[in-house]
2 protein chains.
Amino acid sequence: MSFAEENYLKVLYQLSYERVDRKDAGTSELALILKVKPASVNDMLKKLKEKKYVDNKKYGKISLTKKGKEVAINVLRKHRLWETFLYEKLDFNWAEVHDVAEQLEHIQSKKLVKKLDKFLSFPRFDPHGDPIPNEKGEIVKTNRVLLSSIKKGDFFRVVGVKDLSSDFLQYIDDLKIRINSEIILEDIQEFDKTRLLYFNENKVRISKEVSDCIFVLPL
Amino acid sequence: MSFAEENYLKVLYQLSYERVDRKDAGTSELALILKVKPASVNDMLKKLKEKKYVDNKKYGKISLTKKGKEVAINVLRKHRLWETFLYEKLDFNWAEVHDVAEQLEHIQSKKLVKKLDKFLSFPRFDPHGDPIPNEKGEIVKTNRVLLSSIKKGDFFRVVGVKDLSSDFLQYIDDLKIRINSEIILEDIQEFDKTRLLYFNENKVRISKEVSDCIFVLPL
DNA sequence: TAATAAAGTTAGGCTTACCTAAAACATAAA
DNA sequence: TTTATGTTTTAGGTAAGCCTAACTTTATTA
Ligand SMILES: [Mn+2]
Ligand SMILES: [Mn+2]
Ligand SMILES: [Mn+2]
Ligand SMILES: [Mn+2]
């Protein structure tokens with residue numbers, strides 16, 4: 001299993017199973033995320049199909065086979081364990097861990113993953129609030145929702161982020177919005193849909209766009 | 001800098017500067033170690049030469065430029081830091097760490113190396129007794145010698161191994177020969193050059209071959 | 001329904017890092 | 001000094017993973 005193959009399977013899994021509006025991806029969506037051209041995606045899909053990792057008909061959407069899903073979940077498990085390691089043990093901040101984990105997720109060693117998991121005390125969520133699949137590939141399900149769906153006056157806890165870009169993470173970190181922050185939605189401006197948040201004795205106004213990238217758990 | 005390029009430079013460095021009988025390598029020696037064919041080595045050398053990492057004339061031995069040496073030392077630093085991490089923090093044994101470190105050594109992140117170094121409290125030797133270059137690329141020099149050069153009756157401490165194969169390491173580990181073991185060379189058999197070692201209230205006989213793969217410091 | 005736009009596919013090419021087979025060169029032995 | 005042996009280089013070729021350009025199919029809109 002090459003780095004490239006692992007990346008394709010991982011992204012396919014995330015698109016099919018982890019985004020808010022779950023749906024199978026097509027060639028060009030995949031190309032966009034992997035920063036390659038649709039023609040390249042097509043080449044790779046041909047190979048993944050032959051190897052029985054994906055299963056799609058011509059001109060149809062791409063779906064993972066059981067085998068492909070297993071590989072994808074394992075890569076995701078490694079990615080998120082490494083992020084947790086970098087964050088918890090090496091004192092990286094949550095905006096820095098993703099890029100390095102993109103490399104570390106491809107290290108092949110079952111023993112390493114097992115030992116790392118133990119070293120980190122079997123974490124269930126990564127620094128961005130995403131669930132870490134366990135050794136069997138099982139993933140905890142939460143009923144998190146987007147901050148943008150919260151009603152005025154409601155109380156909630158931040159449990160994750162949808163956008164993992166360094167820019168976004170640094171931005172909301174500067175606003176002191178963190179995993180486990182407990183917040184009251186004081187007001188929603190009708191004009192521009194900005195939200196006024198109240199937490200830690202402070203008021204912070206965030207845009208609609210930001211509220212669409214933060215997962216919360218109503219309390 | 002690709003994985004392959006890094007591996008070539010690392011091995012070149014080890015051959016030119018770290019083996020007991022220091023000398024620059026040739027095409028086929030490099031091929032043997034990298035498990036590729038001499039023709040492939042030639043292809044790569046052509047590229048490394050163009051990029052000014054190595055410097056050799058046609059049909060001559062291969063030597064690293066300053067630039068090539070720097071890259072090699074950095075890869076070696078990462079390799080040995082990761083081995084130390086696996087050994088000290090993840091409870092791998094010394095026969096297991098090398099293969100995983102072969103992968104980890106290629107992770108590109110200056111911050112990661114820096115943080116890892118700190119996390120490990122700036123180790124100066126890896127689990128096999130090899131020196132870890134510091135951030136500036138400086139390497140501590142020791143006056144270690146091979147166990148095979150020790151005279152009968154002498155007292156010494158084990159400080160390293162020449163062979164990093166899992167088989168060899170597991171073998172001497174079973175004999176309870178470890179880094180920092182303090183040993184007296186009780187006898188050398190004239191017939192087959194085997195050595196009788198005395199340490200920890202025990203006597204162990206080792207072959208000439210084994211004595212040629214263990215670095216020691218006379219006490 | 002027909003025209004247009006978007007998405008997916010195919011053909012042909014490129015680079016990296018390998019390979020085999022054969023030729024050129026260097027070194028050691030006869 | 002000639003011959004044999006081993007080493008290095010060259011020539012030509014492959015597979016992976018990407019590319020552009022052209023073409024086909026599907027989806028959207030007039
Ligand atoms: Mn990530
Ligand atoms: Mn990746
Ligand atoms: Mn090693
Ligand atoms: Mn390597």
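Only heavy atoms go into these numbers, but all of them, side chains included; no hydrogens, no water, no symmetry mates. Chain letters run A, B, ... following the sequence lines, proteins first, then strands; residues in each count from 1.
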Item to complete: Specify the separation, in whole Å, of atom NZ of Lys57(A) and atom C1' of dT24(D).
Response: 19 Å
Worksheet entry | Side-chain donor-acceptor pair present, His79(A), His98(A), cut-off under 3.5 Å | yes
Practice prompt. Could you tell me whether the phosphate oxygens of dT10(C), OP1 or OP2, come under 4.0 Å of any side-chain nitrogen or oxygen in Lys58(A)?
Written response: yes
Worksheet entry | Phosphate-side-chain proximity, Ser2(A) and dA16(D), N/O vs OP1/OP2 below 4.0 Å | no
Practice prompt. Would you mind reading off the distance between Lys61(A) atom NZ and dT25(D) atom C1', rounded to a whole angstrom?
Written response: 13 Å
Worksheet item: Do the side chains of Leu30(B) and Ile62(B) get nearer than 4.5 Å, heavy atoms only?
Response: yes
Item to complete: Would you check if Phe168(B) and Ile214(B) make a side-chain contact, meaning some heavy-atom pair closer than 4.5 Å?
Response: yes
Practice prompt. Could you check Lys162(A), Lys141(A), Arg80(A), Lys10(A) and say which one makes a salt bridge (Lys or Arg N to Asp or Glu O under 4.0 Å) with Glu18(A)?
Written response: Arg80(A)
Worksheet entry | Leu30(A) CG to dG8(C) C1', straight-line distance once rounded to whole Å | 12 Å
Worksheet entry | Cation-pi geometry met for Lys89(B) and Phe119(B) (6.0 Å, 45°) | yes
Discussion item. Ring-plane angle category for Phe3(B) and His106(B), please: parallel below 30°, perpendicular beyond 60°, tilted otherwise.
Written reply: parallel
Worksheet item: Please give, in whole Å, the distance from dA15(D) P to Glu50(A) CD?
Response: 12 Å
Response to the item:
Whole-Å distance, Glu29(A) CD to dA7(C) P, equals 10 Å
Discussion item. From CG of Asn56(A) over to P of dG8(C), roughly how many Å is that when rounded to an integer?
Written reply: 10 Å
Worksheet item: Using a cut-off of 4.0 Å on non-hydrogen atoms, how would the nucleic acid contact of Tyr8(A) be classed: base, sugar-phosphate, or nothing?
Response: sugar-phosphate
Worksheet item: Considering residues at least two apart in sequence or located in another chain, which fulfil the side-chain hydrogen bond (donor to acceptor under 3.5 Å, both in side chains) criterion with Asp154(A)?
Response: none
Discussion item. With a 4.0 Å cutoff (strictly under), does any side-chain N or O of Ser28(B) reach OP1 or OP2 of dG6(D)?
Written reply: no
Worksheet item: When the nearest nucleotide of DNA chain D is assigned to Lys51(A) and to Ala25(B) on a heavy-atom basis, which residue is associated with the more 5' position?
Response: Ala25(B)
Worksheet item: Which of residues 36-46 of chain B sit near DNA chain D, with a heavy atom under 4.0 Å from it?
Response: Pro38(B), Ala39(B), Asn42(B)
Fill in: For atom CG of Leu32(B) and atom C1' of dT7(D), their distance in whole Å
13 Å
Worksheet item: Expressed in angstrom and rounded to an integer, what is the separation of Phe3(A) atom CZ from dT16(C) atom C1'?
Response: 15 Å
